[in-house]
Every structure is written in structure tokens, then in C-alpha cells.
Undergrad: 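I am attaching a structure below and will ask some questions about it afterwards.
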Amino acid sequence: MGRRYGLRGPWVLRGVDLDLPPHTLVRVEGVNGTGKSTLLRLLAGVDAPTEGRITGRPRTAYVPERFPAALPFTAFGYLVHMGRTHGLPSAEAAARALEWLERFGAAGHARTPMAELSKGTSQKVAVAQALLARPELLVLDEAWTGLDTGARGELDRAVAERVAEGATVVFVDHDPRRLAGSAGLAYRLEGLTLTPAGSAAADPGPGVRIEATGVASATVPGGLPGTPVVERDPGNPRLLRLTTTAAYSDSVLHTLLTVRPPWHITGVFVLPDPVPAVAATGLLPEPAAGAGTRAEAARAAVPTPERTGVPVPADPSSSAPSRAPVPAAPSSSAPSRAPAPVPSLAAAPAQVSPPGGAPERAPRPAVRLVAAPTRYHVALLARSQRWLAPVLLYAAVLGVGLRPGQPVLDSLGYAAAALVPVAAWLARLCVTQEPPAARTVTASAAGPSRAHVASLLAALGSALALGVAGTGITLLISEPSSTGHTVDVPLPPAALAGLLATACCALLGTAVGALCSRPVLRRRGWSLLVTLLGVLLALVGRGSPAREAVTGLVSGSATGAVRVPLLPLGVALAVAVTVAALTSRIASLRE
């Protein structure tokens, strides 16, 4: 694929051919200005390539280089909204939000408004929103920047957990020591494309032996991090011994505890001797003729207690607890953090299935895919108080143009027409109210198209709520009669006609606002001018569904006949759906 900005702009990336398997940590290197952030935005689904395509993207989360604190939520409230956007139920999103704030040492700021957070705490919130949904693709654009030492170590551990559970993690960081020696794949951006890059070696730490027991049906997960030496005891087939290094011990423990069925960790030992250069993924292969049993072959390569002097724990099959130099991990299916250094990682072969972690979430209905980001945009609009100006405008127009005792159909037409500029204004507010970095996070979680549609739905819903309130007030103060007060007008049909005309004007006004703001028009001056022209055409242009609906009410007022604007409503709905589809497609191409 390739990417450039503008029809004739210079290419930022071109000829990039990349395959990212699961269970892999990928480092991207390059000097400033080579397109690293552009590549990560493409991988996260925030932008679309100019040429070529990206396929097979799984559930994704993204941490941008700079995250804003200027959002009208508390840290906890924002994380709950993002958890819902990622597809979590509200209760689960709240629980995970608190968990990740605690892990990053920011639990004390859970109820603090984000505008009052420091840069470092705001970055912790940015990282937490990406991790709480356990994404299958995690994209980190200098996510460690601004974090304190403890939070950086916690993020390293979180990356280890994601890869151990089978996810793909792609990251950029200016510190060459960041996860050094851990990346299964490393690339350098130069000359508009990617070239393989070597990864600096890291000290793997001392050898670690892990002993575990499992049920009869338990199998050794494939693709264990660090490819540890694996041994089964023929005398006790439920006993499993794995020998690895401290750099991979946390990841191996996490995998054993989260696979289904899980393994029971009975002992963790630090070995004084180096780990031998013998590795096996899963069970050891069958020995060659004359080599003896598999256990004997393993013992020939793995340090034994007799040679190392490390005490052997009690028989795992017995009920007595074992004593080990390092406390044994608890028996549970939850991730366990062993007291080891910050883990490093090794990539497993692409064909190895990821170990069992959190159960796969069932696909959500299409309505729920948009409901969560729509709820987020409604909350963002309400808390930012940007709704105040269009609401005051609508109230002022109604206050000037409506008088008690006026004919009801005339008044309903006036109230509906006043909603067109208000709906256009609300649409502009909703699609531009997020700071750019926060918008990229939402676009990665929900997809740029769905995020844009959600902002338009929030605007339309707000306009409809305002229009219904205006229609209700109009019905209360108006006279149910014709223009000359000679014919009585039945209120139920008049109310129905007024509500449908209001819906028609709200739909058309939202469509005008969507066409006159980002991503179609980005310059504020041109956008405002075109919005005014669009509103004027919607109100007076021949063939406009809003004009037809309002004219039907006004002309019906002269004779007392109620004309329900079904056809104008259908046309307005078709126009709004077409505009939403068009602008959401543009948003996915040029976010």
C-alpha cells in the first residue's frame, strides 16, 4: 500500500508490503518525518491507504503520540465511554477502567476532570483506554512518552500480556532500549517503504523453572513465549516442567494460567546455571532410536536439582503446599504477575494458534456498533455546553415569531423551518467537537465511518429533541383554527403533520451540516459560508423537501386542511442517508 495527502501531494509511504501475524511484537524505527505515525494510523484503521489495501484487521485499539486532556469527562467517565465503544458492557467497562487506572497508579484521579489532569496522568488514561478492551491489534505511537518509571514498566508488562494472549502489538518509541530484544519483527522506515531491521539483544536474565499440573485433558499451549524447554514426567503425566529465562517467565506464567483448561502453578524456581540451548514448542519430540525416553532426553539438557543445588518442591500431586524460593503463582484463571523483572517477549511462529485467554466476544448487532459511540457523542455535546448557543437561537426565533392565539398550522410550519439552521449547527458541532487525537482513538475503536455516523446521529437526535419540544410548545399556545379563524383544525392530525415536518427539517438540516464541515470542508471560513448558503437553499430552494413540508402546513392553514408531509419526509430521509454514507466514506479515506 501507499499513502499521500492530497491528490497531487508527495508520497509519504509507498510500496509497503507487510504481514503482521498474531502473537507478535513489532517494532517500527525511523528518523523523524519518515512516516512512522502515518503507518501506525493506517494499521490502526484511522486512515485509509491512497493505493493498495489493508485486510484482516482484527479488533483494534490505538494510542496516539499526543493525547489531549481537554475532554469534558472525568478520567473514569471517559474510560467507561471508550470501553462501551470497544464493545464492552457498561459494568465490565467500569470494572476494567478502575483496574487499569489502579495498575497505572492513577486510581486517585478516577473522578478528576480530564482538563485538570497532568500530561503524564492524561497519557495513562490514553493507554488505559486502549488496554481495557484486550484488543487483538494494539498500536502504540510513542505511548511511553510522559509516563513515570512505574507506569512505563506496567505498560511493558501489559504489552507482554497482550502478546502472550495472541495479540499483535505494533509500537514506535525513540528509546532504542524499549522492549529491546523482545520484538519478533523489527522494521525501519526509509525511502518511503519498510526494510527489515535488527533488534538489539537484551539480557534474558537467570534461568527459571516453572512446574505446573493440569487436568487430564490439559494440553501444552503452542507458541509459548521464549520457546521454553518442556518436559513431561512419564510417572506423572499431569506434571509439566518448563525451563525458560526470567525475561520470558511472566509471559509463560500468564499463558499457562489463561489457557483453557488452565494449569495449576505449583512451583517457580530460579536456576543458578544458564538455560541450555535446547528449546521445544509444546511437547518434546519423540527421541531417536537408542535415545531413551522423552523425560531422559529432557533431563540430559535441563539442569537438575542434584546439579544445581536448588531444592525440589513437594510432589505436585500431593495436598501439601510446596515451598520454593519464589512464591508459587495462585491457582486461578486470572492473569498472575510473578515477581520477576519486566518481561521481554519473543514472537511465536505465525501459524501457531494463540493461547486461550479471554473468551471470544460474540459479534455485536449492527445497531449496537453505532449506539455506544453515539451515546459518547451525545454526552460530549451535553457536557461541553456547546449545545447552548443553537438552543438559544432556536428559542429566540420561536419567541420572536410565535404568539399565543395564532393559527396552529402556520405556527407549526414556522417552528419546523426554524429547525433547519439549528440542525445544521448541531451537526457541525458534533462532527468537530472532539480534539483530533481523541477523534483518532474513537475512529480506531469504532472505525472512522461508524464514528462519523455516530456524530451525525447525535446531532440528529439533539435536533429532533429540540424540535419535538418546540412543536409541543407551539401546540399549547396556538389556536386550532384556520388563518381566518373560520374553520376548526383537529389537533391530532395537526400535531402529526407538525412532527413530521419537524423531522423533515431536522434531517435536511443535519445533511447540510454534514456536507459543510469536516471531512468534506476543513477550512472554517469556507465551511461557515457554505453552511449559510446550504441552509438558505434548504428553506427556499425549489424541490427542497423542507420547503415542501413547511409550505404544505402554511397553505393548509388557509383552508383548515391538514396535509401530512409523508413524501417530503421520505425524500429528506433519503437525502440524509445518502449524505451520511458519502461523508462517512470520505471520513474513512481522509480522517
Undergrad: Can a donor-acceptor pair be found, under 3.5 Å and without considering hydrogens, that links the side chain of Thr34 to the backbone of Val31?
TA: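 Checking the backbone N and O of Val31 against the side chain of Thr34, a donor-acceptor pair under 3.5 Å is found.
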
Undergrad: To the nearest 0.5 Å, how far apart are CG in Leu456 and OG1 in Thr374?
TA: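 With rounding to 0.5 Å, CG (Leu456) is 9.5 Å from OG1 (Thr374).
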
Undergrad: Do we see a donor-acceptor contact under 3.5 Å between the side chains of Glu479 and His485?
TA: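 Side chains of Glu479 and His485: no pair found under 3.5 Å.
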
Undergrad: Run Ser527 and Ser517 through side-chain hydrogen bond (donor to acceptor under 3.5 Å, both in side chains) and show every step you take.
TA: CA-CA 6 Å; Ser527 176; Ser517 58; 5.5 Å; no

Undergrad: Measure from the side-chain N and O atoms of Glu65 to the backbone N and O of Ser37, and report whether any donor-acceptor pair falls under 3.5 Å.
TA: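 Not a single qualifying donor-acceptor pair exists.
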
Undergrad: Can you name the nearest heavy-atom pair linking Phe104 to Leu155, along with the distance?
TA: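 Distance-wise, the nearest heavy atoms are CE2-N, 3.8 Å.
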
Undergrad: Look at Lys124 together with Asp148 and state whether they make a salt bridge at an N to O cut-off of under 4.0 Å.
TA: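 Yes, this pair counts.
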
Undergrad: Test side-chain contact (heavy atoms from CB on, under 4.5 Å) on Ser544 and Leu537 and set out the steps.
TA: CA-CA 8 Å; Ser544 166; Leu537 288 174; over 6 Å; no

Undergrad: What is the distance from atom CD of Gln129 to atom OG of Ser444, rounded to the nearest 0.5 Å?
TA: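 Answer rounded to 0.5 Å: 8.0 Å.
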
Undergrad: Given side-chain contact (heavy atoms from CB on, under 4.5 Å), test Val408 with Leu412 step by step and report yes or no.
TA: CA-CA 6 Å; Val408 66; Leu412 288 174; 4.0 Å; yes

Undergrad: Identify the two heavy atoms, one from Leu381 and one from Trp387, that lie closest to each other, and give their separation to 0.1 Å.
TA: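 Heavy-atom minimum between the residues: O-CD1, 3.1 Å.
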
Undergrad: State, yes or no, whether a side-chain contact exists between Tyr376 and Glu434 at a heavy-atom distance under 4.5 Å.
TA: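 Touching, per the 4.5 Å side-chain cut-off.
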
Undergrad: Under 4.5 Å between any side-chain heavy atoms of Val125 and Leu79, yes or no?
TA: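 Of all side-chain heavy-atom pairs linking Leu79 with Val125, at least one is under 4.5 Å.
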
Undergrad: Should Pro72 and Ser384 count as side-chain neighbours, where that means a heavy-atom distance under 4.5 Å?
TA: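 Pro72 reaches Ser384 side chain to side chain.
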
Undergrad: Measure centre to centre between the rings of Phe171 and Tyr62, then say whether the value is under 6.0 Å.
TA: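 For Phe171 and Tyr62, the ring centres are not under 6.0 Å apart.
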
Undergrad: Sub-3.5 Å donor-acceptor pair from the side chain of Ser584 to the main-chain atoms of Ala581, do we have one?
TA: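 Yes.
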
Undergrad: Nearest 0.5 angstrom please: Leu117 CG to His109 NE2, how far?
TA: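 That separation rounds to 7.0 Å.
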
Undergrad: Considering the options Arg152, Lys36, Arg178, which one meets the salt bridge (charged side-chain N to carboxylate O under 4.0 Å, His left out) requirement together with Asp173?
TA: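 Checked Arg152, Lys36, Arg178 against Asp173; only one passes salt bridge (charged side-chain N to carboxylate O under 4.0 Å, His left out): Arg178.
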
Undergrad: Going through the distances and angles, do Thr145 and Glu142 end up as a side-chain contact (heavy atoms from CB on, under 4.5 Å)?
TA: CA-CA 6 Å; Thr145 303; Glu142 300 185 33; 3.7 Å; yes

Undergrad: Of all heavy-atom pairs between Gly467 and Leu419, which one has the smallest distance, and what is that distance?
TA: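 What the structure gives for the nearest pair is CA-CD2, 3.8 Å.
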
Undergrad: Any side-chain heavy atom of Leu138 within less than 4.5 Å of one from Leu131?
TA: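 Touching, per the 4.5 Å side-chain cut-off.
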
Undergrad: Hey, does the side chain of Ser482 reach the backbone of Ala558 with a donor-acceptor pair shorter than 3.5 angstrom?
TA: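 Pair absent, no side-chain N/O of Ser482 close to backbone of Ala558.
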
Undergrad: Could you go through the side-chain hydrogen bond (donor to acceptor under 3.5 Å, both in side chains) check for Arg41 and Thr440 one step at a time?
TA: CA-CA 8 Å; Arg41 286 167 61 94; Thr440 61; 5.0 Å; no

Undergrad: Could you tell me whether the side chains of Thr474 and Tyr414 share a donor-acceptor contact shorter than 3.5 Å?
TA: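 Checked: Thr474/Tyr414 side chains show no N/O donor-acceptor pair below 3.5 Å.
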
Undergrad: Are any side-chain N or O atoms of Arg403 and backbone N or O atoms of Gly399, one a donor and one an acceptor, separated by less than 3.5 Å?
TA: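 Yes; at least one donor-acceptor contact below 3.5 Å.
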
Undergrad: Take atom CZ in Arg4; do more than 12 heavy atoms of anything else shown fall under 6.0 Å from it?
TA: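 Count over threshold, so yes.
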
Undergrad: Going by heavy atoms in the side chains, are Leu409 and Val554 under 4.5 Å from each other?
TA: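 No, too far: nothing below the 4.5 Å cut-off.
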
Undergrad: Look up atom OG in Ser455 and atom CG in Leu380, then write down how far apart they are to the nearest 0.5 Å.
TA: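 Those atoms lie 10.5 Å apart.
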
Undergrad: Taking C-beta and beyond as the side chain, do Leu194 and Leu18 meet within less than 4.5 Å on heavy atoms?
TA: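 Touching, per the 4.5 Å side-chain cut-off.
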
Undergrad: Counting neighbours of CZ on Arg66 that are heavy atoms of other residues, nucleotides or ligands and sit closer than 6.0 Å, is the number greater than 12?
TA: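 Result for CZ/Arg66: open.
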
Undergrad: Please step through side-chain contact (heavy atoms from CB on, under 4.5 Å) for the pair Leu507 and Val575, ending with a clear verdict.
TA: CA-CA 8 Å; Leu507 286 167; Val575 170; over 6 Å; no

Undergrad: Where the side chain of Arg134 meets the backbone of Arg162, is there a donor-acceptor pair that is under 3.5 Å apart?
TA: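 Between the backbone of Arg162 and the side chain of Arg134 there is no qualifying donor-acceptor contact (under 3.5 Å).
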
Undergrad: Side chains of Ser557 and Thr483: donor-acceptor distance under 3.5 Å anywhere?
TA: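 There is such a pair (donor and acceptor under 3.5 Å, judged by atom type) between the side chains of Ser557 and Thr483.
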
Undergrad: Could you check whether any side-chain N or O of Arg3 sits under 3.5 Å from a backbone N or O of Ala48, counting only pairs where one atom can act as donor and the other as acceptor?
TA: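 Yes, because the side chain of Arg3 sits within donor-acceptor range (under 3.5 Å) of the backbone of Ala48.
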
Undergrad: Give a yes or no on this: more than 12 heavy atoms of other residues, nucleotides or ligands lie within 6.0 Å of atom CD of Glu102.
TA: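 Open: at most 12 neighbouring heavy atoms sit under 6.0 Å from CD of Glu102.
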
Undergrad: Can you see which heavy atom on Cys505 is nearest to which on Ala546, and at what distance?
TA: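 What the structure gives for the nearest pair is SG-CB, 3.9 Å.
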
Undergrad: Under a 4.0 Å threshold between the charged nitrogen and the carboxylate oxygen, would Glu161 count as salt-bridged to Arg157?
TA: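 Looking at Glu161 together with Arg157, the answer is no, because their closest N to O distance does not fall below 4.0 Å.
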
Undergrad: Measuring from atom CG of Leu496 to atom CG of Leu491, what distance do you get when rounded to the nearest 0.5 angstrom?
TA: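 Rounded to the nearest 0.5 Å, the CG-CG separation comes to 12.5 Å.
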
Undergrad: Search all heavy atoms of Ala427 against all heavy atoms of Ala459 and return the closest pair with its distance.
TA: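 Smallest interatomic distance, heavy atoms only, reads CA-CB, 3.4 Å.
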
Undergrad: Can any side-chain N or O of Thr442 pair as donor or acceptor with the backbone N or O of Ala438 at less than 3.5 Å?
TA: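 At least one qualifying donor-acceptor pair exists.
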
Undergrad: Could you walk me through whether Tyr5 and Thr50 pass the side-chain hydrogen bond (donor to acceptor under 3.5 Å, both in side chains) check?
TA: CA-CA 8 Å; Tyr5 296 99; Thr50 307; over 6 Å; no

Undergrad: Side chains of Leu140 and Val170, heavy atoms from C-beta outward: is any pair under 4.5 Å?
TA: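 No - every pair of side-chain heavy atoms lies 4.5 Å or more apart.
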
Undergrad: Working to the nearest 0.5 Å, report the span between CG of Leu476 and OG of Ser411.
TA: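 Reported value, rounded in 0.5 Å steps: 12.0 Å.
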
Undergrad: Please lay out, stage by stage, how Thr121 and Ser118 fare under the test side-chain hydrogen bond (donor to acceptor under 3.5 Å, both in side chains).
TA: CA-CA 5 Å; Thr121 306; Ser118 65; 3.0 Å; yes

Undergrad: Using modelled atom types and a 3.5 Å cut-off, is there a donor and acceptor pairing between side-chain atoms of Ser481 and backbone atoms of Val487?
TA: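 Side chain of Ser481 to backbone of Val487: no pair is present.
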
Undergrad: Looking at side-chain heavy atoms only, is the closest gap between His452 and Thr583 below 4.5 Å?
TA: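 The answer is yes; the side chains approach within 4.5 Å.
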
Undergrad: Do side-chain atoms of Thr60 reach the backbone of Pro58 as a donor and acceptor pair under 3.5 angstrom?
TA: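 Checking the backbone N and O of Pro58 against the side chain of Thr60, a donor-acceptor pair under 3.5 Å is found.
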
Undergrad: Is the positively charged end of Arg14 above the ring of Trp11, judged by distance under 6.0 angstrom from the centroid and angle within 45° of the axis?
TA: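 Ring-cation test returns yes.
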
Undergrad: Testing the basics here: between Leu43 and Leu137, what is the closest heavy-atom pair and its distance to 0.1 Å?
TA: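 The answer is O-CD2, 3.5 Å.
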
